[in-house]
Amino acid sequence: MNSSLYAARRARVSAQLGAGGIAIIPTAPERQRNRDSDFLFRFDSYFHYLSGFAEPNAWLVIAADGRTTLFCQPKDLEREIWDGIRLGPDAAPQALGVDAAFSVSELDQRLPRLLENTSTVWYPFATHSALEGRVDGWLNAVRARVRYGVLCPDAQRDLCAIVDEMRLVKDAYEQDVMRRAAEISARAHIRAMQRCAAMLRAGEDVREYHLDAELLHEFRQHGSQYPAYGSIVAGGANACVLHYRADDAPIRDGDIVLIDAGCELDGYASDITRSFPANGRFTGPQRALYELVLASQEAAIAATRPGARFTDPHEAAVKVLTQGMFDLKLLDRDQHGTLEDAIHHRHYFAHYMHRTGHWLGMDVHDCGSYVEPSEMGQVSERKDPLSGETIRDRPSRILRAGMALTIEPGLYVRPSDGIPKAFWNIGIRIEDDAIVTDTGCELISRAVPVKADEIEALMRG
Ligand code: GLY
Ligand code: MN
Ligand code: MN
């Protein structure tokens with residue numbers, strides 16, 4: 001592990017805490033799945049971003065003077081026989097570059113001492129249930145000693161405000177891990193597509209879980225720890241259910257299959273969607289919708305560059321999709337008016353109801369404000385045409401080199417009067433992962449083809 005990378009991040013946090021500031025960052029709790037089995041442990045992203053430490057039961061404390069303290073599980077031969085080797089407080093300073101380390105069993109005793117004579121306590125707000133209560137307890141312990149002349153912090157602030165901004169722009173190390181994660185996921189998509197067509201050709205009963213198994217195989221085969229989120233493998237009409245999960249539905253010759261799946265590698269997510277014909281050949285209507293979504297993605301990709309707003313790719317995609325909906329008779333001129341009307345009144349929402357992307361990083365829907373911080377105060381109000389709610393728009397984030405985001409337009413056609421039957425129950429989404437560069441963006445997930453002809457060629461193989 002490159003401990004200097006994490007030390008440099010901690011130093012950047014420390015420099016932003018203000019005089020007398022101190023930050024407390026716990027890792028994620030272990031969670032019971034059932035009886036005596038826990039869910040697989042996954043560290044907290046903030047904690048890992050600042051420590052590089054993957055064990056449970058750990059806390060990091062960063063002070064404004066730059067001093068960092070880790071609380072971690074003590075060495076314990078019996079526990080280590082059952083659960084695995086622990087780093088332990090003695091080895092932690094050397095391994096992780098922290099200034100001091102103690103057993104987590106000493107947390108409640110030592111933390112009030114660390115908080116004495118500080119002014120502001122920073123911790124991630126609304127991220128860890130019960131953390132606020134722990135902080136209250138430590139502050140109470142400090143207060144109990146004011147009669148000895150110690151000062152008690154009188155302010156609490158959200159540490160996410162600092163670390164979210166840091167995590168939003170990925171450094172070279174992070175970009176490298178994200179490229180490798182996306183490459184593994186791309187291979188997994190290829191494997192699932194090819195296996196799907198091969199099984200159908202062999203007359204086998206193909207289920208969504210068969211393709212899920214292919215994805216998992218490829219993820220683990222290349223060192224990914226786990227999927228970055230629950231894989232979506234949706235055959236036929238299931239593709240129109242946005243949060244569908246790989247289940248046991250049969251995949252039929254003639255269906256479109258939508259797979260939205262990405263692995264997590266060393267703490268970083270990838271997030272890829274491909275929609276492909278189960279048998280390897282698009283029908284006319286499937287191809288028409290597919291080409292439209294792809295054209296909208298191309299427009300969104302062209303709008304993803306430094307200086308553009310986060311919303312620009314979405315607006316570019318919506319324009320192409322909405323025009324295409326008119327062309328394919330999914331929208332009707334008499335009923336929905338002009339292209340501008342249909343966009344303004346969000347008539348396209350019937351078939352495209354999500355955003356075109358999100359930040360991507362340690363969390364699949366990564367942290368980071370979608371509002372441009374320097375323009376936070378510029379508010380314009382409008383009525384949402386669908387819900388009637390008042391929406392306060394603030395200027396969208398200006399994209400900068402190193403930001404990572406997904407570009408994922410889609411079209412989902414549910415059976416409905418007035419919609420050509422040939423398109424019913426077709427759901428298409430195409431999702432790639434992009435890193436903003438100095439001149440545009442780098443698509444890091446394109447090791448899996450996206451052109452209809454290339455998908456067909458791949459599935460013949
Ligand atoms: N897989 C979740 C998403 O695409 O946002
Ligand atoms: Mn996705
Ligand atoms: Mn996504």
Side-chain angles (χ1 to χ4, degrees), residues 2 5-6 8-17 45-46 48-50 124 158-183 228 262 265-272 296-319 354-380 392-409 431-446:
N2 179 3
L5 178 78
Y6 298 94
R9 291 177 184 164
R10 291 193 293 272
R12 281 178 66 195
V13 169
S14 167
Q16 295 177 72
L17 296 177
S45 297
Y46 291 110
H48 195 273
Y49 180 77
L50 296 170
D158 186 5
L159 185 69
C160 298
I162 293 175
V163 188
D164 285 0
E165 282 299 301
M166 292 171 58
R167 283 176 53 187
L168 184 53
V169 178
K170 275 68 182 173
D171 61 31
Y173 166 78
E174 295 180 286
Q175 292 185 24
D176 176 58
V177 180
M178 290 183 71
R179 278 188 198 98
R180 286 188 286 122
E183 236 166 73
L265 180 71
D266 300 343
Y268 286 83
S270 53
D271 183 7
I272 302 181
S296 76
Q297 198 209 29
E298 275 157 11
I301 291 165
T304 304
R305 50 189 159 70
R309 300 273 175 179
F310 173 79
T311 44
D312 288 350
H314 178 66
E315 282 165 15
V318 162
K319 201 165 174 182
H354 59 77
R355 305 285 298 181
T356 304
H358 51 81
W359 304 133
L360 182 71
M362 297 191 78
D363 300 316
V364 64
H365 296 162
D366 208 28
C367 60
S369 171
Y370 288 97
V371 174
E372 178 57 31
S374 61
E375 299 170 348
M376 190 73 81
Q378 297 175 28
V379 187
S380 58
R392 289 179 184 80
D393 283 321
R394 295 171 200 274
S396 166
R397 190 88 200 204
I398 296 171
L399 298 179
R400 280 172 49 196
M403 291 178 173
L405 64 160
T406 64
I407 306 177
E408 50 174 310
E431 174 172 31
D432 281 287
D433 302 345
I435 299 176
V436 180
T437 63
D438 289 334
T439 52
C441 70
E442 174 191 350
L443 296 178
I444 59 174
S445 49
R446 279 293 176 88

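- T406 and D271 are not linked by any side-chain donor-acceptor pair at a separation below 3.5 angstrom, with hydrogens and angles left out of the test.
- A salt bridge is defined here as a Lys NZ or Arg NE, NH1 or NH2 lying under 4.0 Å from an Asp or Glu carboxylate O, and R179 with E442 meets this definition.
- Once rounded to the nearest 0.5 Å, the distance linking CD of E375 with CZ of R309 reads 4.0 Å.
- For the pair R394 and Y370, the NZ or CZ position fails the cation-pi test of under 6.0 Å to the six-membered ring centre and within 45 degrees of the ring normal.
- Residues I301 and C441 are in side-chain contact: their nearest non-hydrogen atoms beyond the backbone lie under 4.5 Å apart.
- Atom OG1 of residue T304 and atom CE of residue M403 lie 12.5 Å apart, to the nearest 0.5 angstrom.
- Distance check, rounded to the nearest 0.5 Å: CE of M362 to NZ of K170 gives 10.0 Å.
- S396 places a side-chain N or O within donor-acceptor distance of the main-chain N or O of F310, the cut-off being under 3.5 Å.
- Residues S445 and D432 have side chains that bring a donor and an acceptor to within less than 3.5 angstrom of each other.
- For the atom pair L443 CG and I272 CD1, the distance stands at 10.5 Å (nearest 0.5 Å).
- At least one side-chain heavy atom of L159 sits under 4.5 Å from a side-chain heavy atom of L17.
- Nearest heavy atom pair, residue I407 against residue A434, reads CD1-CB, 3.9 Å.
- Side-chain contact between L360 and M178 is present, with at least one heavy-atom pair separated by less than 4.5 Å.
- Ion pairing between E372 and R400 fails under the 4.0 Å rule for side-chain N and carboxylate O.
- Checking each of I162, D158, V163 against C160 for a side-chain contact (heavy atoms from CB on, under 4.5 Å) leaves exactly one that passes, namely D158.
- Interatomic distance, CD of E165 versus SG of C367, reported as 9.0 Å (0.5 Å rounding).
- Ion pairing between R305 and D312 fails under the 4.0 Å rule for side-chain N and carboxylate O.
- L405 places none of its side-chain heavy atoms less than 4.5 Å from the side chain of R397.
- Counting heavy atoms from C-beta outward, D164 and Y46 have side chains that approach closer than 4.5 Å.
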